[in-house]
Amino acid sequence: MKTNFVMVDEKVWCNRTQYIEAIEIVKHLTEQVKSGLVNYSILPDGPEKFMGERCLGFNRVSVKIPVSDTLYDQFFNGRSGYRAQYYVGIEYGEYFNRFLIDKIASLIVSAEELYIDKFTREFCEQSLCGKYSKFWFSKEITDQSYQKCLSKLPEVILPDRWSQHWKNKPKPRKGLLAPDPENKVILLNGTFVDKITGNECEQKPERSKEIHKTGWT
């Protein structure tokens, strides 16, 4: 299997998450998704409406994927994980994200019995497998109400570019943090799509650049 994954040098990254190859992260996440689908702990949610005028009428599917404590840390905070790929280069981050989508989304789409009462399989596939689908922290972490908790975390991910960006900014300096919530879930946000035309809408066109520059979006 040809891959194009990278890792950041430990002295550059600083955070001492247990090291694992990126392809092993993919393997373990795939295994935990399969397990979650079997025991019904993964339930696709939606349709979620696009909030704004730019893509009025577009909707998406989202999925919370419960994972182990170790995989969660390796995925988000490790030097071969999701954010590390974006740190090295936008193209590396987008490649890793797409590789994961291609591995994971079809597994969820196939578990039709878990969502058929909410939306069709066609819509689920259009959204989860769409061009702009992405993985990220759960809404618990990104919600404004969680800012106080983030402010208490130590800054442990310290590559120069991200450190310089956050240097004079008030806490929480999110890109330097390694969030550790009680409920470890990875959020898969599908692409916003028009159910009638099949057209896709990109929610955050600058997302990849933001993660590359700051470690956050």
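Heavy atoms only: backbone and side chains are in, while hydrogens, waters and symmetry mates are out. Numbers here simply count residues along the sequence, with the first being 1. Predicted, not measured: the structure shown is a model, and the values here were computed from it.
- The aromatic ring centres of Trp216 and Phe137 sit less than 6.0 Å apart.
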Could you walk me through whether Glu200 and Asp194 pass the side chain to side chain contact (heavy atoms under 4.5 Å, CB included) check? CA-CA 7 Å; Glu200 300 180 346; Asp194 186 309; over 6 Å; no
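- The neighbour count for Lys118 NZ, taken as heavy atoms of other residues, nucleotides or ligands under 6.0 Å away, is above 12.
- Remark: the backbone N or O of Ser68 is paired with a side-chain donor or acceptor of Gln32 at under 3.5 angstrom.
- Pro179 approaches Leu153 most closely through the heavy-atom pair CA-CD1, 3.8 Å.
- For Phe5 and Phe96, the gap between ring centers is short of 6.0 Å.
- Between the side chains of Tyr82 and Asn97, at least one donor-acceptor pair of N or O atoms lies under 3.5 Å.
- Here the shortest heavy-atom pairing between Ser62 and Leu187 reads CB-CD1, 4.3 Å.
- In this structure, Arg79 contributes its side chain and Val8 its backbone to a donor-acceptor pair below 3.5 Å.
- Rounded to the nearest 0.5 Å, atoms CD (Gln126) and NZ (Lys131) are 15.5 Å apart.
- There is a side-chain donor-acceptor pair under 3.5 Å between Gln203 and Lys134.
- Without hydrogens or angle criteria, Ser133 side chain to Ser127 main chain gives a donor-acceptor distance under 3.5 Å.
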